[in-house]
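The model shown is predicted, which means the values in this text are computed figures rather than measured ones. Excluded from the calculations below are hydrogen atoms, water molecules and symmetry mates; all remaining heavy atoms, backbone and side chain alike, are included. Indexing begins at 1, ligand by ligand and atom by atom, following the structure's order.
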Amino acid sequence: MRDPKRLIILASGSGSNAEAIMQYFQQSEDVIIGHVITNKKNAGVLARAAKFGINADHVPPKEIDDFLLSLHKANRVDAIILAGFLRKISQRLLMVFPHHILNIHPSLLPKFGGKGMYGKHVHQAVKDAQETQTGITIHVVNAEYDKGKILHQATLAISSSDDSESIGSKVLKLEHFHYPRVISQWLSGLKPPV
Ligand code: GAR
């Protein structure tokens, strides 16, 4: 009998990436989504988790660390997956999960990353810069915004008729395909956190 890896998803919004991940691992014997946590009341991700029968809670930002660490104490958490989570990860969490937190960013980092660069702001900046391509970056989280080790990038072409909204929806599709697969591969080589 294999010991499945237990993930916690943190999301702030609609949760379409969280849903792609829940869907991908729904039948998995190797990976369990233990809990979904959001810092936003009524975030769309709560209803998406309910569809999959996964426990989900809105937790005020200041209480997220304690909440997560108590889940970890009760039942080991192997990794934390940020799926559109728009708050900085604390030093306290990084100490317990030093290389065990993944993030997805909707551009080809290091381009269009850093504080304030999230969601539609990224796509608008890409459009304003008249880029001919954009993409996604999946990276390990460290103490600096969008600066951790890059595990995977995927690109897509932008045409002159694209606006920030159409860029955003193409980026989301790419994210939904790649994020669960990269998580799966990354987890297979991941040692337990301390
Ligand atoms: C995604 O595009 C994700 O890459 C982005 O927020 C969106 C969340 O969508 N994250 C960031 O910008 C982080 N800096 P979702 O809630 O539908 O998954």
Side-chain angles (χ1 to χ4, degrees), residues 7-26 33 35-52 54 56-59 61 64 79-90 93-94 101-129 131 133-158 162-184 186:
L7 306 184
I8 304 292
I9 297 178
L10 300 186
S12 298
S14 146
S16 69
N17 275 287
E19 175 155 1
I21 296 163
M22 292 187 278
Q23 180 117 45
Y24 187 85
F25 292 113
Q26 198 176 15
I33 314 296
H35 217 104
V36 172
I37 300 172
T38 181
N39 59 310
K40 286 266 166 71
K41 242 187 199 162
N42 305 321
V45 72
L46 292 168
R48 294 191 197 254
K51 272 201 317 196
F52 290 87
I54 293 174
D57 282 288
H58 160 244
V59 181
I64 288 182
I80 299 169
I81 305 298
L82 309 186
F85 186 65
L86 304 181
R87 297 194 59 95
K88 199 155 190 227
I89 295 299
S90 70
L93 277 191
L94 283 169
I101 307 178
L102 273 200
N103 183 41
I104 190 160
H105 186 81
S107 75
L108 295 169
L109 289 174
K111 282 185 157 185
F112 307 105
K115 200 170 187 316
M117 274 295 182
Y118 59 88
K120 61 179 185 207
H121 302 288
V122 176
H123 309 311
Q124 191 58 56
V126 166
K127 176 74 189 165
D128 292 346
E131 296 285 314
Q133 65 166 24
T134 187
I136 65 168
T137 302
I138 297 166
H139 66 93
V140 178
V141 172
N142 66 10
E144 286 180 276
Y145 265 116
D146 302 329
K147 291 269 174 70
K149 182 183 170 202
I150 292 176
L151 297 185
H152 189 75
Q153 291 187 305
T155 60
L156 64 87
I158 299 174
D162 275 315
D163 58 12
S164 61
E165 214 169 295
S166 67
I167 295 171
S169 60
K170 287 182 194 175
V171 164
L172 272 181
K173 274 199 193 125
L174 205 60
E175 293 186 324
H176 299 164
F177 179 79
H178 288 276
Y179 206 12
R181 287 162 179 82
V182 171
I183 292 169
S184 177
W186 172 71

Atom 17 (O) of ligand 1: which protein heavy atom is closest, and how many Å away? Ser16 OG, 2.5 Å

Could a heavy atom of Met117 be found less than 4.0 Å from some atom of ligand 1? yes

Out of Gly84, Gly44, Gly168, the nearest non-hydrogen contact to atom 7 (C) of ligand 1 is supplied by Gly84

Taking only heavy atoms of Pro106 into account, list the atoms of ligand 1 that are under 4.0 Å away from them. 2 (O), 4 (O), 5 (C), 10 (N), 11 (C), 12 (O)

Within the distance-only criterion (no hydrogens, no angle test), does the side chain of Asp57 pair as donor or acceptor with the backbone N or O of Val59 below 3.5 angstrom? no

Numbered in order shown, the ligand 1 atoms found under 4.0 Å of a heavy atom of Gly15 are 15 (P), 16 (O), 17 (O), 18 (O)

Verify, without hydrogens or angle tests, whether Thr38 (side chain) and Ala11 (backbone) share a donor-acceptor contact under 3.5 angstrom. yes

If only atom types and distance count, is the side chain of Ser12 paired as donor or acceptor with the main-chain N or O of Leu86 below 3.5 Å? yes

Taking heavy atoms and a distance under 4.0 Å, where does Glu175 meet ligand 1: side chain, backbone, both or neither? side chain

Can you name the residues that form a ring-ring contact (aromatic ring centres under 6.0 Å, His included) with His152, not counting sequence neighbours? His178

Closest heavy-atom pair and its distance - His105, Met117: CE1-O, 3.3 Å

Non-hydrogen atoms of Ile104 versus ligand 1: any pair closer than 4.0 Å? yes

Set of side chain to side chain contact (heavy atoms under 4.5 Å, CB included) partners for Pro110, sequence neighbours left out: none

May I ask you to test the His176-Asn17 pair for a side-chain heavy-atom distance under 4.5 Å? yes

Residue, atom name and distance, where the atom is the protein heavy atom closest to atom 14 (N) of ligand 1: His105 ND1, 3.3 Å

I'd like to know if the side chain of Thr137 and the backbone of Gln153 have a donor-acceptor N/O pair within less than 3.5 Å. no

Nearest to atom 9 (O) of ligand 1, what protein heavy atom do you find, and at what distance? Leu172 CD2, 3.9 Å

Of the backbone atoms (N, CA, C, O) and the side-chain heavy atoms from C-beta on, which set of Asn103 has a member under 4.0 Å from an atom of ligand 1: side chain, backbone, both, or neither? neither

Which atoms of ligand 1 are found less than 4.0 Å from any heavy atom of Gly119? 12 (O)

Using heavy atoms and a 4.0 Å limit, tell me yes or no: is Ala11 in contact with ligand 1? no

